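First the structure, in the form of structure tokens, and then the observations on it.
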There are 2 protein chains.
Amino acid sequence: MTTGTTSPTASGGAPSGSRSLAHPAREDIRLEGVLHALADPMRLRIVCALAAAEGELTCADVELPVSKSTCTHHYRVLREHGVIQQVYRGTAKMNGLRRADLDTLFPGLIDGVLRAADLQAGRLGDG
Amino acid sequence: MTTGTTSPTASGGAPSGSRSLAHPAREDIRLEGVLHALADPMRLRIVCALAAAEGELTCADVELPVSKSTCTHHYRVLREHGVIQQVYRGTAKMNGLRRADLDTLFPGLIDGVLRAADLQAGRLGDG
DNA sequence: GCCGTACTACGACGATTATCGTACGAACGC
DNA sequence: GCGTTCGTACGATAATCGTCGTAGTACGGC
């Protein structure tokens with residue numbers, strides 16, 4: 001999805017995505033890293049929101065009770081551990097879950113975590 | 001919390017093995033806590049060993065490349081986050097996975113993590 | 001009663017982390 | 001061009017964590 005058709009409006013020309021971000025290859029994603037990334041409440045919220053959106057969200061789309069710097073930090077942790085992918089798009093940065101990679105490496109893991117988060121949310125505060 | 005050290009030979013009530021350890025109630029187990037507990041390589045190893053044993057193991061049964069103090073620390077983290085239960089039995093302390101509680105709260109989560117750990121072990125070390 | 005085994009408590013230490021504020025850069029619209 | 005919006009980089013800071021060693025406690029066997 002991200003590759004293929006480059007610029008949507010195509011007026012920019014050559015390297016429209018000049019700002020690029022380093023992502024770990026699928027083989028480099030480690031279970032402990034993923035678990036660590038998911039173990040933080042803020043990051044778990046981000047991941048849940050991304051999963052619920054089933055698409056890309058900007059960093060600002062997920063409301064978090066922390067400063068913008070901290071926000072950037074959490075997104076970076078998620079990206080560097082292979083949980084999400086990030087692509088610049090204009091002034092915004094789109095975030096998406098790396099479901100395909102994660103499901104291939106650890107089938108059922110993300111589903112289990114998302115389901116667990118959902119159950120816990122219902123159990124704790126959502127009544 | 002500063003209790004203990006009292007009534008080692010108290011009659012009645014508690015059984016003679018009265019050294020008891022505080023475990024969180026099932027309702028108090030939090031997903032972030034479980035994920036955090038599982039995110040450490042040593043602790044993940046312990047949990048995998050416990051799951052493979054399908055029973056109780058002493059702390060010393062799981063060989064870890066760390067000192068005994070560190071070992072105790074990791075077991076305590078696992079217990080305090082509701083991942084394992086610990087019971088004194090003579091001089092030994094038996095450790096067991098809290099599968100029933102975890103599966104009730106977060107169905108599929110532990111299975112997913114264990115399977116992921118297994119897959120990753122095969123992918124990395126086995127060739 | 002004494003000793004060995006199994007685990008713990010405590011203090012220490014370095015490394016990592018989560019958080020913030022401020023200053024900066026990159027793209028868009030005017 | 002200029003300003004706005006969105007995100008980043010860089011320090012700074014306090015908290016947490018993983019690790020260790022040493023000293024200590026509980027239990028069982030002799």
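Keep in mind that what you see is a predicted model, and the values were worked out from it rather than measured. Throughout, a chain's letter reflects where its sequence line sits, starting with A, and its residues are numbered from 1.
In this model, the phosphate group of D/dC20 is approached by a side-chain N or O of B/Ser67 to a distance below 4.0 Å at OP1 or OP2. Contact check, A/Tyr75 against D/dT8: no side-chain N or O comes under 4.0 Å of OP1 or OP2. Within the structure, a side-chain polar atom (N or O) of A/His74 is placed less than 4.0 Å from OP1 or OP2 of C/dT19. For C/dT16, neither phosphate oxygen OP1 nor OP2 lies less than 4.0 angstrom from any side-chain nitrogen or oxygen of A/His36. Remark: A/Thr70 is not in phosphate contact with C/dA18, judged by side-chain N or O atoms under 4.0 Å from OP1 or OP2.
Of the N and O atoms on the side chains of B/Asp101 and B/Thr104, not one donor lies less than 3.5 Å from an acceptor on the other residue.
The interatomic distance linking A/Lys68 (NZ) with C/dG25 (C1') rounds to 12 Å, in whole Å. Atom pair B/Leu38:CG and D/dC17:P shows a separation of 15 Å (rounding to whole Å applied). Atom pair A/Arg89:CZ and D/dG7:C1' shows a separation of 16 Å (rounding to whole Å applied). Taking atom CG of residue B/Asp40 and atom C1' of nucleotide C/dT16, one finds them 13 Å apart after rounding to whole Å. For A/His73 and C/dA18, the NE2 to P distance is 4 Å, given to the nearest whole Å. With rounding to whole Å, B/Glu32 atom CD is found 16 Å from D/dT16 atom C1'. If you measure from atom CG of A/Leu35 to atom C1' of C/dT17, you get 17 Å, rounded to the nearest angstrom. A straight line from CZ of A/Arg79 to C1' of D/dG7 spans 12 Å, rounded to a whole angstrom.
Considering only heavy atoms from C-beta on, B/Pro41 stays 4.5 Å or farther from A/Arg30 through its side chain. Proximity of B/Cys71 to B/Met42: side-chain heavy atoms (C-beta onward) are nowhere separated by under 4.5 Å.
Note that CG of B/Leu102 is 8.5 Å distant from CG of B/Leu38, once rounded to the nearest 0.5 Å. Here the straight-line distance linking atom CZ of B/Arg76 with atom CZ of B/Arg43 works out to 12.0 Å at 0.5 Å rounding.
At a threshold of 4.0 angstrom between heavy atoms, the contacts of B/Arg43 are confined to the sugar-phosphate backbone, with no base atom among them.
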What protein N or O atoms touch nucleotides 9-11 of chain D N or O atoms at under 3.5 angstrom, if any, and at what distances?
| residue | atom | partner | partner atom | Å |
| --- | --- | --- | --- | --- |
| D/dA9 | OP2 | A/Arg76 | NH2 | 3.3 |

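Listed nucleotides C/dC28, C/dT19, C/dG4 differ in distance to B/Thr91; the shortest reach to its side chain belongs to C/dG4. The side chain of B/Tyr88 lies closest to C/dC7, out of D/dT19, D/dC6, C/dC7. Closest contact between the side chain of A/Ala92 and the listed nucleotides D/dT19, D/dG7, C/dC7 involves D/dG7.
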Side chain to side chain contact (heavy atoms under 4.5 Å, CB included) between A/Arg99 and A/Asp111, intermediate numbers included: CA-CA 9 Å; A/Arg99 283 208 81 124; A/Asp111 276 341; 2.4 Å; yes
Applying side chain to side chain contact (heavy atoms under 4.5 Å, CB included) to A/Leu31 and B/Leu119, what does each step give before you reach the verdict? CA-CA 10 Å; A/Leu31 175 58; B/Leu119 283 175; over 6 Å; no
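Residue A/Arg26 qualifies as enclosed at atom CZ: its count of foreign heavy atoms under 6.0 Å is above 12.
With the nearest nucleotide of DNA chain C identified for both A/Gly90 and A/Pro65, A/Pro65 has the one nearer the 5' end.
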